[in-house]
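Written below as structure tokens is the structure these notes are about.
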Amino acid sequence: MKAVLASGSCSPCEHRLPRQSQMMTRSRYLSYHSQSGWRRVYARASNEDVELAVFRFTLGIPGFDDALIPRVVGVVGACLLVANHIISGESSGPSQTVTEVLGMVLAGVGIVAPTLQRTIEESTPGKGRRAPVEDLEGSSNVFAISESMSEAQKEEAAWASFAVLKNANVCGMCLYIRGEMVLCRGALGVAIQGKDCLNLALKEYKRMGIEEASHFRYLQSKAEISSSKYSTCGIVPSGAGGVVQIPVSPLQTLADGTLPDVGCMLLVCDRERAMSAKELAWCKSVASKLYFAFELNSIE
């Protein structure tokens, strides 16, 4: 199985994403804008419409965490208030004093806001996107995508992996479609690193003997992982805190009453209880979109 490999951190630039996808029998649309950071997806299955949207505003400054924007604004505001007070000297009146005090309070709130947000998110697992663990035990960073897919399928798989890793508490993702491992991306087990990443991941997946890939499963703690077949799977890092198995299928049964699937989306979390119900539902919507990309066009 041929694959395209990329090492280091993953970004949308590593695999060009589509600005819009073509209309199909079951129509689906995708728009992507890297500068403003917004993406919008529309998928239709049978008579059921599924609308999925992701909005993320960023400054686009390399190496700058956008969560620190309130702190920067607070520091700049405080400096301007101090400069204004010095320039005014003794001529400042009571109204200016009240304004300066109020301004300093607001600047202080902006300075401590990122710290408060991080503390709240850490105390409520699964509530909001958190920074990934810097060095997850037993993991290596990989990005491999199968050459057996069409260009449209590569674009859909690359978009899905980027969207999930960027917007959910997930550090690694594998995509298993019709007996093939077609994508591995993010922090995954060291057992599958190297040029033959996809084949190694496929062997590890089949070695577990999982016969219920069409069923949703969420192992939200290390204890649950250790008591499952995923404990011996080389795809999952030894330090992983959770594993999510999502079937690549429609969100609801089709017109004929069936709920088919074409594979499985395997997600790895670096923390325990990392995924909220809302995030799980969002990831299922992404898997549903992938279903229509692969169901209408078989892998070459």
Side-chain angles (χ1 to χ4, degrees), residues 1 3 10 132-133 136 138-146 149 153-154 156-193 196-222 224-249 261-275 279-291 293-294 299:
M1 183 186 300
C10 301
V133 174
L136 183 62
S139 71
S140 63
N141 196 41
V142 300
F143 183 19
I145 189 166
S146 175
M149 296 187 292
Q153 290 171 339
K154 290 178 184 178
E156 294 290 354
W159 169 85
S161 60
F162 172 75
V164 169
L165 293 175
K166 194 71 175 177
N167 297 286
N169 285 315
V170 173
C171 65
M173 171 179 166
C174 287
L175 188 59
Y176 175 80
I177 301 292
R178 292 196 179 96
E180 293 186 33
M181 193 67 70
V182 298
L183 180 139
C184 291
R185 188 170 188 174
L188 298 170
V190 293
I192 66 170
Q193 64 179 339
D196 204 21
C197 172
L198 294 177
N199 283 328
L200 292 173
L202 180 61
K203 290 179 181 179
E204 289 293 328
Y205 186 82
K206 289 185 174 181
R207 186 173 62 82
M208 292 188 296
I210 293 179
E211 300 177 355
E212 300 180 350
S214 60
H215 298 288
F216 171 78
R217 192 177 186 187
Y218 178 28
L219 306 175
Q220 57 181 333
S221 66
K222 293 182 178 180
E224 293 184 8
I225 295 176
S226 62
S227 61
S228 70
K229 294 182 180 180
Y230 282 107
S231 61
T232 59
C233 178
I235 298 175
V236 180
S238 57
V243 174
V244 187
Q245 177 181 293
I246 301 177
V248 180
S249 64
D261 68 89
V262 295
C264 173
M265 189 168 71
L266 185 63
L267 309 179
V268 176
C269 306
D270 50 11
R271 295 180 175 88
E272 294 186 342
R273 295 174 295 278
M275 300 284 281
E279 285 179 316
L280 291 173
W282 186 84
C283 290
K284 289 180 181 179
S285 298
V286 175
S288 175
K289 184 177 188 301
L290 285 173
Y291 167 79
F294 288 96
I299 299 177

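Here the CG-CD1 distance, from Leu198 to Ile145, works out to 9.0 Å after rounding to the nearest 0.5 Å. The line from NZ of Lys203 to CD1 of Ile192 is 13.0 Å long, rounded to the nearest 0.5 Å. If you take CG on Leu266 and OH on Tyr205, they are separated by 7.0 Å, rounding to the nearest 0.5 Å. Rounding to the nearest 0.5 Å places NZ of Lys222 at 12.5 Å from SG of Cys269. A distance of 9.5 Å separates CG of Leu183 from OG of Ser146, quoted to the nearest 0.5 Å. Rounded to the nearest 0.5 Å, atoms NZ (Lys206) and OH (Tyr176) are 5.0 Å apart.
The only member of Leu267, Val243, Val244 that meets side-chain contact (heavy atoms from CB on, under 4.5 Å) when paired with Tyr218 is Val244. None of Val190, Leu200, Leu188 except one satisfies the side-chain contact (heavy atoms from CB on, under 4.5 Å) rule with Val142; the exception is Leu188.
Met181 places a side-chain heavy atom less than 4.5 Å from the side chain of Ile235. In this structure the side chain of Val248 reaches within 4.5 angstrom of the side chain of Leu175, judged on heavy atoms.
Glu204 is linked by a salt bridge (Lys or Arg N to Asp or Glu O under 4.0 Å) to Arg207, counting only residues two or more places apart in sequence or in another chain. Ala287 meets the side-chain contact (heavy atoms from CB on, under 4.5 Å) test with Ile246, Met265; sequence neighbours excluded. Taking Ser139 as the reference, nothing meets the side chain to side chain donor-acceptor pair (under 3.5 Å) condition, with sequence neighbours excluded.
Annotation for Leu290 and Glu156: closest pair CD2-O, 3.7 Å, computed over non-hydrogen atoms. Scanning all heavy atoms of the two residues, the minimum distance from Cys184 to Ala201 falls at SG-CB, 3.7 Å. Cys171 approaches Leu136 most closely through the heavy-atom pair SG-CD2, 3.8 Å. For Ala240 against Val268, the heavy-atom pair with the smallest separation is CB-CG1, 3.8 Å. Across all their heavy atoms, Val164 and Val286 have their closest contact at CG2-CG1, 4.1 Å. Closest approach of Ser249 and Asp261 over heavy atoms only: CB-CB, 3.7 Å.
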Derivation of the side-chain contact (heavy atoms from CB on, under 4.5 Å) call for Glu224 and Tyr230: CA-CA 9 Å; Glu224 293 184 8; Tyr230 282 107; over 6 Å; no
Pair Val170-Met275, side-chain contact (heavy atoms from CB on, under 4.5 Å): steps then yes or no: CA-CA 8 Å; Val170 173; Met275 300 284 281; 3.9 Å; yes
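Side chain of Ser231 to main chain of Ser227: no donor-acceptor pair is present (N/O by atom type, distance under 3.5 Å, no hydrogens or angles). Although no hydrogens or angles enter the test, the distance criterion places no donor-acceptor pair under 3.5 Å between the side chain of Arg185 and the main chain of Leu165.
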